[in-house]
Amino acid sequence: MQFKASTMFKAIRILFGAFMILVYFGMAYLLFVNFFKWNTEPWLSLRYVFAIVLVLYGIYRCYRQIKGSDYYRLRDMEERFSKYNQTQENHENK
């Protein structure tokens, strides 16, 4: 039985990454429009700081998602699966 790590894990990571990008931008929007009604002084100015940080991190995650640099662990898993597949083939041939 052959295992393919790349297709399954890559699809899961793409979906999860896209979902998290939406969460970051959504939370930043909710902070900008004062959805949580933070009108007291320390939160009034800090919510803009948090919103800007979330937007910047969302842009960074989007860049990494498009570039594909999020998949460094996937190569290790592919190597492990290929070694596993080779050992399985060796056992079947004996």
Q: Indicate, with yes or no, if Y63 and L15 share a hydrophobic cluster defined by side-chain heavy-atom contacts under 4.5 Å among Ile, Leu, Val, Met, Phe, Trp and Tyr.
A: no
Q. To the nearest 0.5 Å, what is the distance between CG (L46) and CD (E41)?
A. 8.5 Å
Q: Taking all non-hydrogen atoms of both residues into account, name the closest pair between R61 and M20 and its distance.
A: NH2-CB, 4.1 Å
Q. Quick one: do Y24 and F16 end up in the same hydrophobic cluster if we chain Ile, Leu, Val, Met, Phe, Trp and Tyr together by side-chain heavy atoms under 4.5 Å apart?
A. yes
(Q) If I compare all heavy atoms of A51 with all of A28, which pair ends up nearest, and what's the gap? (A) O-CB, 3.5 Å
Q | Between CZ on residue R47 and CG on residue N34, distance to nearest 0.5 Å | A | 3.5 Å
Q) Can you tell me how far CZ of F50 sits from CH2 of W38, rounded to the nearest 0.5 angstrom? A) 7.0 Å
Q) How long is the gap from CZ on F25 to SG on C62, to the nearest 0.5 Å? A) 6.0 Å
Q: Please answer: with hydrophobic residues joined when any side-chain heavy atoms are less than 4.5 Å apart, are Y60 and F19 in the same cluster?
A: yes
Q. Could you state the interatomic distance from CZ (F36) to CE (M27), rounded to the nearest 0.5 Å?
A. 4.0 Å
Q) With the 4.5 Å side-chain cut-off for hydrophobic clustering, are I21 and Y29 part of the same group? A) no
Q.
I'd like to know if I52 and L44 are part of one continuous hydrophobic network [Ile/Leu/Val/Met/Phe/Trp/Tyr, side-chain heavy atoms within less than 4.5 Å].
A. no
Q) Going from CZ on R64 to CD1 on I59, what distance comes out if it is rounded to the nearest 0.5 angstrom? A) 14.0 Å
Q. Under 6.0 Å from the CH2 atom of W43, do we count more than 12 heavy atoms belonging to anything else shown?
A. no
